[in-house]
Student: 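My questions will all concern the structure given below.
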Amino acid sequence: MTDTIVLGLDGTTWDILDPLIESGELPHIEHQLDTGYSGALESTFPPITAPAWLSMATGQNPGKTGVFYFLNRESPDSFDFETLGSEKFEQSSFWDVLSATNQSVGVFNFPMLYPPYEVDGFMVSGLGSPEDDTITYPNDLAGELNEVTDGYQVKVPYADPKYDDRPAALEADLLKIIDKREAAMTYLLDEKDPDTFFGVISATDWAQHYFWRYQDKDHVLHESGTEFAETLTRVWKRVDETVGEIAERAEAEDAQLFLVSDHGFGPVNRTFHSNNWLRQEGFVKESDNSFLTKARTEYFPYLRKIGEAVVSVVPQLNDFAKSVGKSIRKDPGENVDFDTTIAFAPRQNLTCGMIYMLSDREEDKHEVISQLKQAVEADSVAEEIHIYEPEDLYEGPKIDLAPDLLFEIDDFECAVDPRSATENNLFSTGPPSKARNGGHNRDGIFIASGPRIESGSDLDARIYDIAPTLLHLHNQPIPEEMDGNVLFEIFESEDTHEELERVPIETLVEDGENVERGDKDEIQQRLEDLGYI
């Protein structure tokens, strides 16, 4: 009998849901709002899929997980970057605690949870995993999913050049993968009957990245009078049907149902080119000028534009273009002269700014901060910049792996692109790419309903609160490593808000065999297909 169902709706924002609910387009989500407790769910900084979903599962901030983006450092003495895998989740996630107490868990399509590992129940890897039969525990579950979905599918690579100027094709593929997600989740709930189920739908994120400009009349790339102004409405109506199917099963089981998002969403109307700025200020120095290095850096934006234009016309050349890109790929710190550079921006993040200081002099860091503020103040359009040091955002033993400076401009409406650009402008109009005209922010959503849930609409929660709340719901101790708090206010008849005794997580989970990581280049390619690197 399933007691708790959590449905993760990637990138969900009240800015999209509220008007659709008011117009009656989302009756099932509206019902959950009317009968449950809802509010805001603040994401991590940066509000990115990898650190956010990991923090939701573990209840830990990035200063403890060591994960700040898709590619992360393993040592403060090295700028070698590694992809996130399931080893960061194992023995640290709320489902590991439940599994160790003989409560069955079902984890479905969870981003970056690859390869899957043994739990009391089942696990299906999501974004970042390959399109093969290695994505499930137990292994034979992959065949079952293939059968019930008529061919299981991990992702729709919305940022792939094959979708350039082909929005109808992308919309069709997004709706198709939502069909597959619903078929898989209803099958798993009906046939596997886990005590706790956590499933994720990522298509909401991909749709909003690509189609935001069509429904936003104020977007710089808005196209009026097209049928794609209603694409996000159609996608969300389809997702609402899935919510209805899941809610029906929750009600039949007297289960609690949670709808959560890893981050919010909004428009991207401008781009700040961080490495252009660092070069112009003399903070970063290049290590060599060979043709291959220039192909990776200076010439790459031209090569990328040529390749995207060709693939958009001849999609069959897409795999060939990817192989060329892979052959010239290097690490995020490529072409940086580490002996003479003061600061550099790793070439991987398009949501907020990340800068690593190679100089130990405090005055150099203060100069970078000062000049960065001046660059934004001198711009005629940018309104504000918020600059953070790791201690402002994080705490924990891995804080020294974080970028030394993190910043966002105009509440993430201005993207920060560290890649080489075709021009030397500090700011440019429009997003880093047309396929990413919508972008992430920190304002996610939370809705809970069920027999143990109070009604209300004023919740102000953090993403770290989900894991301890789910453990409390199942009468489990809260690990002392978790930064989040139990959301007592959502529960009916809770007679105490006292701080619960916390214990080390190692006393609550079983030792397991370390999972083997996948090929780094292959994982990185899958993330590039989705526009994250």
Side-chain angles (χ1 to χ4, degrees), residues 1-9 12 14 17 21 26-41 56-57 59 93-95 97-99 101 103-110 121 181-182 185-201 239-262 444-476 478 484-497 500:
M1 178 175 172
T2 301
D3 301 315
T4 304
I5 298 174
V6 186
L7 187 56
L9 303 175
T12 305
W14 290 115
L17 291 191
I21 290 170
L26 308 179
H28 300 294
I29 295 176
E30 183 177 7
H31 178 69
Q32 302 308 307
L33 274 176
D34 291 342
T35 59
Y37 212 118
S38 61
L41 189 65
M56 189 181 294
S93 300
F94 76 87
W95 56 69
V97 176
L98 297 178
S99 180
T101 60
Q103 298 187 56
S104 62
V105 297
V107 185
F108 172 74
N109 194 44
F110 208 91
R181 293 290 182 264
E182 180 182 304
M185 288 192 290
T186 53
Y187 171 79
L188 292 170
L189 285 167
D190 293 344
E191 300 299 324
K192 308 302 179 183
D193 196 28
D195 295 326
T196 297
F197 177 82
F198 198 131
V200 176
I201 294 177
V239 170
D240 185 69
E241 293 173 3
T242 298
V243 171
E245 289 290 333
I246 302 300
E248 180 180 320
R249 286 160 173 77
E251 291 170 11
E253 299 273 356
D254 280 337
Q256 324 309 314
L257 174 61
F258 293 78
L259 306 180
V260 296
S261 66
D262 56 332
I445 68 106
F446 175 96
I447 307 172
S449 60
R452 293 183 58 183
I453 304 299
E454 185 67 81
S455 61
S457 59
D458 57 351
L459 187 70
D460 189 10
R462 300 179 304 163
I463 200 167
Y464 316 122
D465 299 331
I466 300 301
T469 299
L470 294 174
L471 289 176
H472 175 72
L473 188 59
H474 288 266
N475 302 311
Q476 295 302 308
I478 309 302
N485 299 308
V486 175
L487 298 172
F488 287 107
E489 58 265 51
I490 73 171
F491 296 114
E492 286 188 340
S493 305
E494 284 287 351
D495 56 4
T496 177
H497 287 202
L500 301 173

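Keep in mind that the numbers below use all heavy atoms, side chains included, and drop hydrogens, waters and symmetry copies. What you see is a predicted model, and the numbers here were worked out from it, not measured in a lab.
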Student: Measure from the ring center of Phe94 to the ring center of His474 and say whether it is less than 6.0 Å.
Tutor: no
Student: Do side-chain atoms of Thr469 reach the backbone of Leu487 as a donor and acceptor pair under 3.5 angstrom?
Tutor: yes
Student: Taking the side chain as everything from C-beta on, heavy atoms only, tell me whether Ile466 gets closer than 4.5 Å to Leu41.
Tutor: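 They are in contact (side-chain heavy atoms under 4.5 Å apart), so the answer is yes.
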Student: With side chains defined as the heavy atoms from C-beta onward, is the minimum distance between Thr2 and Asp193 less than 4.5 Å?
Tutor: yes
Student: Working to the nearest 0.5 Å, report the span between CD1 of Ile5 and OG of Ser449.
Tutor: 9.5 Å
Student: Given Thr186, which partner from the list Glu248, Arg249, Arg181, Glu191 fulfils the side-chain contact (heavy atoms from CB on, under 4.5 Å) test?
Tutor: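 With Thr186 as partner, Glu248, Arg249, Arg181, Glu191 yield a single side-chain contact (heavy atoms from CB on, under 4.5 Å), made by Arg249.
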Student: Between Phe446 and Ile490, is there a side-chain heavy-atom distance shorter than 4.5 Å?
Tutor: yes
Student: To the nearest 0.5 Å, how far apart are CG in Leu98 and CG in Asn475?
Tutor: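 One finds 10.5 Å between CG of Leu98 and CG of Asn475.
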Student: Within the structure provided, determine whether Asp195 and Ser104 are in side-chain contact (heavy-atom separation under 4.5 Å).
Tutor: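 Touching, per the 4.5 Å side-chain cut-off.
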Student: List the steps and the verdict of side-chain contact (heavy atoms from CB on, under 4.5 Å) for Met185 and Leu7.
Tutor: CA-CA 10 Å; Met185 288 192 290; Leu7 187 56; 3.8 Å; yes
Student: Which atom names give the shortest non-hydrogen contact between Leu473 and Arg452, and what distance separates them?
Tutor: O-NH1, 3.0 Å
Student: With side chains defined as the heavy atoms from C-beta onward, is the minimum distance between Ser38 and Ile445 less than 4.5 Å?
Tutor: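 Heavy-atom side-chain distance check fails, nothing below 4.5 Å.
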Student: To the nearest 0.5 Å, what is the distance between CD1 on Ile447 and NE2 on His31?
Tutor: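 Taking CD1 in Ile447 and NE2 in His31, the distance rounds to 11.5 Å.
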Student: State which residue, out of Phe108, Phe197, Phe110, fulfils the ring pair (Phe, Tyr, Trp, His ring centres under 6.0 Å) condition with Trp95.
Tutor: Phe110
Student: Would a distance-only check, ignoring hydrogens and angles, find a side-chain to backbone donor-acceptor pair under 3.5 Å from Asn485 to Asp465?
Tutor: no
Student: Grab the two heavy atoms, one from Glu241 and one from His28, that are nearest each other, plus how far apart they are.
Tutor: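 Of all heavy-atom pairs spanning Glu241 and His28, the closest is CA-CD2, 4.2 Å.
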Student: Between Pro194 and Gly106, what is the shortest heavy-atom contact and its length?
Tutor: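 So the minimum-distance heavy-atom pair works out to CB-N, 3.6 Å.
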Student: Kindly compute the distance separating CG (Leu26) from CD1 (Ile21), expressed to the nearest 0.5 Å.
Tutor: 5.5 Å
Student: For residues Tyr37 and Ser457, report the shortest heavy-atom separation together with the two atoms involved.
Tutor: CE2-N, 4.2 Å
Student: Rounded to the nearest 0.5 Å, how far does OG1 of Thr35 lie from CD of Glu454?
Tutor: 12.0 Å
Student: Flag the pair Asp3 / Thr196 as yes when at least one side-chain heavy-atom distance between them is below 4.5 Å, and no otherwise.
Tutor: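 Result no, sub-4.5 Å side-chain heavy-atom pair not found.
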Student: Can you confirm whether Gln103 sits close enough to Val97 that some side-chain heavy atom of one is under 4.5 Å from a side-chain heavy atom of the other?
Tutor: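 No. Closest side-chain heavy atoms not under 4.5 Å.
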Student: What closest approach, in Å, do Asn109 and Val200 show between heavy atoms, and which atom pair accounts for it?
Tutor: ND2-O, 2.7 Å
Student: What heavy-atom pair brings Leu9 and Ser261 nearest, and what distance separates the two atoms?
Tutor: O-CB, 3.2 Å
Student: Is any side-chain heavy atom of Gln256 closer than 4.5 Å to a side-chain heavy atom of Pro451?
Tutor: yes
